[in-house]
Amino acid sequence: MKSLKIAVLGDFALDFYFNIQTQTSEISIETQKEVHHGSKTRTYLGAAGNVCKNLAHLGIQTTAFGIIGNDIFGREIIHQMNDLGINSKQMLISNEKETSVYSKPIEGTIEQNRIDFGTTENIPDSILQDLVLQFCLQINSYDGVILNEQFLKPLLSPSAFEQIQVEIKQNNKFAIADLRSQGALAKDVILKINWNEFANLTNCPEDAIDNLEDIKKYLNSLLQNRSKGILLTLGEKGIIYADKKTFVIDKAIPSKGEIDTVGAGDMVVAAFTAAMLAGATEIEACQFANLCAHISIHKIGETGSATTLEIMNYEL
């Protein structure tokens, strides 16, 4: 896998965790309100950044294509990318955008109301077009592409996504897209989708998750107007890959104790892509993705991942 080169394009964020104590009996002189105490701050690459981190932990040569702000959070993203060996030279730094941050206060062991920054901003079209142009010019430098959409106002507009999708098709590149709201647009790339997104896209009933024949029926309907397959994650039920010729399912590895599923989908995308580009079959890629996700979700209070050492040493 170390010879593989993968580009990741999309919504980059910083996950900012900190412990919070809300009952302190300390009163602010300025506001006369109770002071909350914070401690143990920690940051991780989030969204498309987490995909990059997961690829880097698997030994993949990874290049990030995204837009961040000229602020402390943007600088932290670049710092962490550089530490992980992720190529950050294609990350555009803009004074017109605030870096996207998922701020996560933890009280006791419970995550409280998240405070988000920069996820609802409109990206200036001129900056977006600069990024898309650079990506299109460099696409043949990579073995594969991962597209990520996570924000309420995502980086990739429908027109930008279509421009990139055309470029991917013309250059016959392996590509997978993890899209929260624009899944209907992904016709010439593999679509990674979770159950809720799948149900919204196909209008299938929620309880169909327990009926494999119903899932196949709705998958076949979704595949009719697509040239590429679908990677469907079902949580504790496992992973399905399907295209017009293939249908495989791999059951999830049973969890052991407490789990934290934050970032599990990113781990699946990274692992499945890496395995397929390394020559695995679809079922082997699903098995590898399941193993990596299983390791990832057992890392509590962080945006988890799986390293090559953890994978090699894991005992079922």
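Keep in mind that what you see is a predicted model, and the values were worked out from it rather than measured.
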*Side-chain (Glu121) to main-chain (Glu98) donor-acceptor, under 3.5 angstrom*: yes
*Do NZ/NE/NH1/NH2 and the carboxylate oxygens of Lys216 and Asp214 come within less than 4.0 Å?*
no
*Mind telling me whether Phe73 and Phe16 have parallel, tilted or perpendicular rings, with 30° and 60° as the class edges?*
tilted
*If we only count heavy atoms from C-beta on, is the Tyr241 to Asp243 side-chain gap below 4.5 Å?*
yes
_Are more than 12 heavy atoms, taken from residues, nucleotides or ligands other than Lys187, located less than 6.0 Å from that residue's NZ atom?_
yes
*Given side-chain contact (heavy atoms from CB on, under 4.5 Å), test Ile176 with Leu147 step by step and report yes or no.*
CA-CA 6 Å; Ile176 185 168; Leu147 306 176; over 6 Å; no
*asked:* Before you tell me yes or no, could you show the steps for Glu96 and Ser94 under side-chain hydrogen bond (donor to acceptor under 3.5 Å, both in side chains), namely the whole-Å CA-CA distance, both residues' side-chain angles and the distance that decides it to 0.1 Å?
replied: CA-CA 5 Å; Glu96 300 179 60; Ser94 171; 4.8 Å; no
*Does atom CG of Asn113 have more than 12 heavy-atom neighbours, drawn from other residues, nucleotides or ligands, at distances under 6.0 Å?*
no
_Quick check: do Ile240 and Phe247 have side-chain heavy atoms less than 4.5 Å from each other?_
yes
_Under 3.5 Å donor-acceptor, Gln138 side chain and Phe135 backbone_ = no
_Distance in Å, Asp71 CG paired with Thr99 OG1, rounded so as to fall on 0.5 Å steps_ = 3.5 Å
_Worked check of side-chain hydrogen bond (donor to acceptor under 3.5 Å, both in side chains) between Thr233 and Asn194_ = CA-CA 5 Å; Thr233 58; Asn194 65 31; 5.5 Å; no
*asked:* Can you see whether Asp178 engages Asn148 through a side-chain donor-acceptor pair at a distance of less than 3.5 angstrom?
replied: no
_Is there a side-chain contact (heavy atoms from CB on, under 4.5 Å) between Lys104 and Phe18? Walk through the geometry before answering._
CA-CA 6 Å; Lys104 304 181 180 187; Phe18 60 95; over 6 Å; no
*Between Asn54 and Asp266, is any side-chain donor less than 3.5 angstrom from a side-chain acceptor?*
no
*Donor-acceptor contact below 3.5 Å, side chain Arg42 vs main chain Lys40*: yes
*Whether Gln112 side chain and Ile110 backbone form a donor-acceptor pair below 3.5 Å*: yes
*When you check the gap from the basic side-chain N to the acidic O, do Asp143 and Lys173 get nearer than 4.0 Å?*
no
_Test side chain to side chain donor-acceptor pair (under 3.5 Å) applied to Lys228 - qualifying residues, sequence neighbours left out_ = none
*Are any of the side-chain heavy atoms of Met267 and Leu58 separated by less than 4.5 Å?*
yes
*asked:* Under the criterion side-chain contact (heavy atoms from CB on, under 4.5 Å), I'd like the reasoning laid out for Gln165 against Val189: C-alpha separation, chi angles, the key distance, then a yes or no.
replied: CA-CA 7 Å; Gln165 189 168 221; Val189 297; 3.9 Å; yes
*asked:* Tell me whether Glu197 contacts the main-chain N or O of Leu232 through its side chain, where contact means a donor paired with an acceptor under 3.5 Å.
replied: no
_Stepwise side-chain hydrogen bond (donor to acceptor under 3.5 Å, both in side chains) test for Glu149 and Ser181_ = CA-CA 8 Å; Glu149 179 229 332; Ser181 66; 2.5 Å; yes
_Distance-only donor-acceptor check, side chains Asn82 and Ser88, under 3.5 Å_ = yes
*Which atom of Gln182 lies closest to which atom of Leu156, heavy atoms considered*: NE2-O, 3.1 Å
*Does the Thr273 side chain pair with the main chain of Val269, one donor and one acceptor, at a distance under 3.5 Å?*
yes
*With no hydrogens and no angle check, is any side-chain donor or acceptor of Glu34 less than 3.5 Å from a backbone partner on Thr24?*
yes
*Look up atom CG in Leu45 and atom NE2 in His79, then write down how far apart they are to the nearest 0.5 Å.*
10.0 Å
_Is it the case that the side chain of Glu310 and the backbone of Thr307 share a donor-acceptor pair, with hydrogens and angles ignored and the cut-off at 3.5 Å?_
yes
*Does the side-chain hydrogen bond (donor to acceptor under 3.5 Å, both in side chains) test come out yes or no for Glu76 and Gln80, once each step is laid out?*
CA-CA 6 Å; Glu76 177 65 11; Gln80 292 204 18; 2.8 Å; yes
*Looking only at heavy atoms, which two atoms of His298 and Ile259 are closest? And how far apart?*
NE2-CG2, 3.7 Å
*Nearest heavy-atom pair of Asn171 and Asn140: which atoms, and what distance?*
OD1-ND2, 2.9 Å
*Got a second to check how far Ile123's CD1 is from Leu131's CG, nearest 0.5 Å?*
9.5 Å
*Of all heavy-atom pairs between His37 and Val35, which one has the smallest distance, and what is that distance?*
CD2-CG1, 3.9 Å
_Minimum heavy-atom separation for Thr62 and Val8, please, with both atom names._
CG2-CG2, 4.1 Å
_Quick check on the hydrophobic clustering: are Ile283 and Val268 connected, directly or via other members, by side-chain heavy-atom contacts under 4.5 Å?_
yes
*Can you list the steps and then say if Ile27 with Ile29 is a side-chain contact (heavy atoms from CB on, under 4.5 Å)?*
CA-CA 6 Å; Ile27 304 300; Ile29 296 174; over 6 Å; no
*Taking everything shown except Asp83 itself, do over 12 heavy atoms lie less than 6.0 Å from its CG?*
yes
*Distance from Asp15 atom CG to Ser100 atom OG, nearest 0.5 Å?*
11.0 Å
*Could you tell me if the ring centre of Phe272 sits under 6.0 Å from that of Phe288?*
no
*Hey, does the side chain of Asp11 reach the backbone of Leu155 with a donor-acceptor pair shorter than 3.5 angstrom?*
yes
*Side-chain contact test, heavy atoms from C-beta onward, threshold under 4.5 Å: evaluate it for Ile230 versus Ile193 and give yes or no.*
yes
*Identify the two heavy atoms, one from Ser305 and one from His57, that lie closest to each other, and give their separation to 0.1 Å.*
OG-ND1, 2.8 Å
*Just how far is it from atom CG of Leu14 to atom OG of Ser103, taken to the nearest 0.5 Å?*
9.5 Å
_Pairs meeting criterion ring pair (Phe, Tyr, Trp, His ring centres under 6.0 Å) with involvement of residues 87-133, two or more places apart_ = none
*Would you give the length of the straight line joining atom CD of Glu213 to atom NZ of Lys217, rounded to the nearest 0.5 angstrom?*
10.5 Å
*Backbone N or O of Asn87 within a donor-acceptor pair of the Gln90 side chain at under 3.5 Å?*
no
_side chain to side chain donor-acceptor pair (under 3.5 Å) against Ser296, all qualifying residues, sequence neighbours excluded_ = none
